[in-house]
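Everything on this sheet refers to the single structure shown next.
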Amino acid sequence: MTAPQPLLDIRNLEKRFELDRGFLETLKLRGGKLVQEKREVHAVNDISLQVAPGEALCVVGESGCGKSTVARLIAGLLTPSSGEIHYGGERIDNRSRRAMMPLRKKMQMIFQNPYASLNPRMTIQQALEEPVRYHNPNLSQGEIRDKVADVMRAVGVDPSWGGRYPHEFSGGQRQRIAIARALTVDPEFIIADEPISALDVSIQAQVLNLMLEAKEERGLTYLFITHDLSVVQHFGTKVAVLYLGSVCELSDTATLFENPKHPYTRALLSAVPQLKDDHPNHIRLRGEIPTPINLPPGCPFESRCAHANSRCQSEQPRPQLQPDGALVACHAVEEGRLDG
Amino acid sequence: MSLLSVRDLSVKFAMRDNTVTALNQISFDLAKGERLGIVGESGAGKSITGFALMNLLSRPGFVDSGKILFQGDDIAQMSDAQMRRIRGNQMAMIFQDPMVTLNPVLTIGQQMVETLMAHRKLSKSEAEQIAIVKLREVYIPSPAERLNQYPHELSGGMRQRIIIAIALLLDPQLIIADEPTTALDVTIQADIMELLLELCETNKVGLILITHDLGVVSQMTERTLVMYAGRIIEAGRTREIINDPQHPYTQGLINALPQQTAPGQRLKQIPGNMPSLTAIPNGCPFSPRCEYVQDHCRTEAPKTVQYTHVEVACHEVHRLHSDKAEEMNR
């Protein structure tokens, strides 16, 4: 059996942000001498990922690991420094804004903060109609209105509220409206960047259910960015764990939670506060995440890893396929130095 | 005698022509060295409780009635001068965002020495020695050098450790921590929580942990209060509340967590939203969202009753319990 054609195919994606832009900013005083040096933030380093149709790929990691940058690169809001992004078999990362437009209909994004993603001066009816009208210029006003009302009902927002402004809604309702706006243009792929992190537990469940329903009824494919591992376990079919812009582990959700291999994945899983377990057995990491400016040459996790040796300091690990299908980038796993 | 004893505390906020009730007659006790969790969603009144305990409410908020007895003295009646002797000295507070607590234009050392010298008769060098000891206690590497650093030079986790060190400077009896790790990453959160737990246990410090995260409460505290719309709706031993919650809201909150449902299945959601303080429903505040609601729930506020091992404010708790027992037998 051949694997289905991936809907989204990311190959060796990299993104670096320059910190020193002008010539004068690049001049530094080092040991009494004036030298020219450019500092760069390595936000995303050589990431390759595939998302098959109908999958929900969750990207997890802590702040600064580059997960939002990945989302923005795919959505075309940022241009990669190198690497390629293919969508439905076509390369999309080098397209002009105009050439991206037909894709925006297929690919929609939901952001963390529903307060910032809705224009406060537009009624929600206007906010929801605008993308429909833009992407379907031949629909009549009545058809547009029907479509918007359908979607509003689907996300549990009463269509009669259309004349209200975003500030009149609660956070959970606003996030539903943001989801409704993404759904009005009948997308096939949704990039959700921490869509429920700003919401309360009972509201999180409502929004997560809504996204699951949309997935089943509309056959949506998701790229879901989050730091919350219990949400990953519930929502994702595949998980990519990011650390300092590199993928340390990529596998099926069930495999990852049953048998995490990378030392960082293990530490991350053990750090989640559990409801039932009385005695947490959490793996302590040394120090904190280093800055992504001028990354070390070896494994990005080396400075905090209990299993690091000299090879980890000098050589960057490549993702290796494991017997259970997981991809793990770790010298210690490769050499069987962990527990075996 | 308990360290802290709150009796029928009500906090109100003055509006243009009326007042809204933010805390409605809450009562609880905290023994010396006990760790208590306060959970609830935004708008439940958890943070207001913390502020009221520290006597930090500012206009338009005020304590309308009730007592806050700290070692027998009523905090709600204290003058600013009396309160200053207690605040920071016998009780300390840790906030969510360390950058708000730390003064950005003073070094860590200046802030720690200032706190020490305000409450104790110490020379500057003695105060610095104490500061270094306290920084070492929270596992800050090379503490003597940190004294000369400014808050912006440190990472988020490091800053929160320093906040904890400052809170412990004067060996308080009680620490109130309001979402101390919400702004931090999971791995750092686990470290900070472990540290806080260790310090409270070794120094016999009482802890009130205000959080929305049931997992954190379960790991950190001995007793838990669940708040909803300004009331305590359930109180008891943490383990019992997590394993066998009695109030429909507590049950809903625990069942709504993704780990309580098989992957890919619909989560058990609580319909609706927390009411706003200006529109708290009559009767039981949870009644519009409750699946066990009866007519009297909408008109009559439930009293807190002892039920099995917890205190719970719900009219229908008996019925709810028999339903559950039936489900188990099936």
Side-chain angles (χ1 to χ4, degrees), chain A residues 56 60-65 156 169-173 196 198-210 212-213 215-216 227-237 253-254 257 264 267-280 282-285 287-291 304, chain B residues 39-44 139 141 154-158 181-191 193-195 197 211-220 228 238-239 242-243 249 252-276 289:
Chain A
V60 273
E62 298 180 283
S63 37
C65 72
F169 293 94
S170 69
Q173 284 170 327
I196 59 170
L199 307 174
D200 272 321
V201 182
S202 71
I203 312 297
Q204 279 189 356
Q206 295 173 4
V207 172
L208 209 56
N209 278 349
L210 179 65
L212 277 169
E213 264 159 42
K215 180 174 182 244
E216 283 163 23
H227 67 278
D228 187 337
L229 285 157
S230 57
V231 173
V232 173
Q233 189 168 21
H234 194 78
F235 191 84
T237 55
T253 308
F257 280 88
Y264 178 63
L268 203 59
L269 285 178
S270 77
V272 180
Q274 295 296 323
L275 270 187
K276 304 281 175 191
D277 181 14
D278 273 296
H279 301 284
H282 123 246
I283 305 170
R284 232 177 232 257
L285 291 180
E288 295 182 17
I289 306 178
T291 84
R304 298 174 78 193
Chain B
V39 269
E41 299 180 286
S42 27
Y139 303 106
L154 305 165
S155 67
M158 197 79 95
T181 55
T182 309
L184 303 174
D185 281 318
V186 220
T187 52
I188 313 290
Q189 160 174 311
D191 285 348
M193 284 299 178
E194 215 170 294
L195 172 72
L197 191 63
T211 178
H212 68 281
D213 190 331
L214 287 158
V216 168
V217 163
S218 157
Q219 299 288 328
M220 292 284 295
Y228 188 82
T238 303
R239 200 99 321 267
I242 300 272
N243 291 339
Y249 174 67
L253 210 55
I254 292 174
N255 287 337
L257 293 175
Q259 55 263 45
Q260 301 295 97
T261 311
Q265 299 297 306
R266 292 285 177 288
L267 298 173
K268 297 187 196 88
Q269 64 188 46
I270 309 175
N273 293 299
M274 169 91 69
S276 90
R289 302 174 75 185

Most chain A-contacting option - heavy-atom pairs closer than 4.5 Å, from B:Pro271, B:Ala262, B:Ser42: B:Ser42
Residue pair B:Gln260 / A:Leu275, side-chain heavy-atom distance below 4.5 Å: yes
Any side-chain heavy-atom pair of A:Lys215 and A:Thr237 under 4.5 Å: yes
Chain B contact via A:Ser170 - side chain, backbone, both or neither, heavy atoms under 4.5 Å: side chain
Under 3.5 Å donor-acceptor, B:Gln219 side chain and A:Gln274 backbone: yes
Portion of A:Leu208 that has a non-hydrogen atom of chain B nearer than 4.5 angstrom: side chain
Winner by heavy-atom pair count (cut-off under 4.5 Å) against chain B, out of A:Gly236, A:Ser230, A:Gly64: A:Ser230
Proximal component of B:Pro141, with respect to chain A [non-hydrogen, under 4.5 Å]: neither
Leading residue by heavy atom contact count with chain B [cutoff under 4.5 Å; candidates A:Ala267, A:Ala205, A:Ala254]: A:Ala205
Option in B:Ser155, B:Ala256, B:Gly156, B:Pro258 with maximal non-hydrogen atom pairs under 4.5 Å from chain A: B:Pro258
Expected output: side-chain B:Arg289 to main-chain B:Gly272 donor-acceptor under 3.5 Å: yes
Which atoms of A:Glu213 approach chain B - backbone, side chain, both or neither, heavy atom under 4.5 Å: both
Distance (rounded to the nearest 0.5 Å) between B:Met193 CE and B:Ile188 CD1: 13.0 Å
For B:Gln269, the option from A:Val207, A:Asn209, A:Val201 that meets side chain to side chain contact (heavy atoms under 4.5 Å, CB included): A:Asn209
B:Asn255, part contacting chain A, at a heavy-atom distance under 4.5 Å: neither
B:Ser276 versus chain A, the contacting section by heavy-atom distance below 4.5 Å: neither
B:Arg266 CZ to A:Gln206 CD distance, which is reported to the nearest 0.5 Å: 13.5 Å
Largest heavy-atom contact set with chain B, pairs under 4.5 Å, which of A:Gln204, A:Glu216, A:Gln233: A:Glu216
Distance (rounded to the nearest 0.5 Å) between A:Asp200 CG and B:Asn273 CG: 9.0 Å
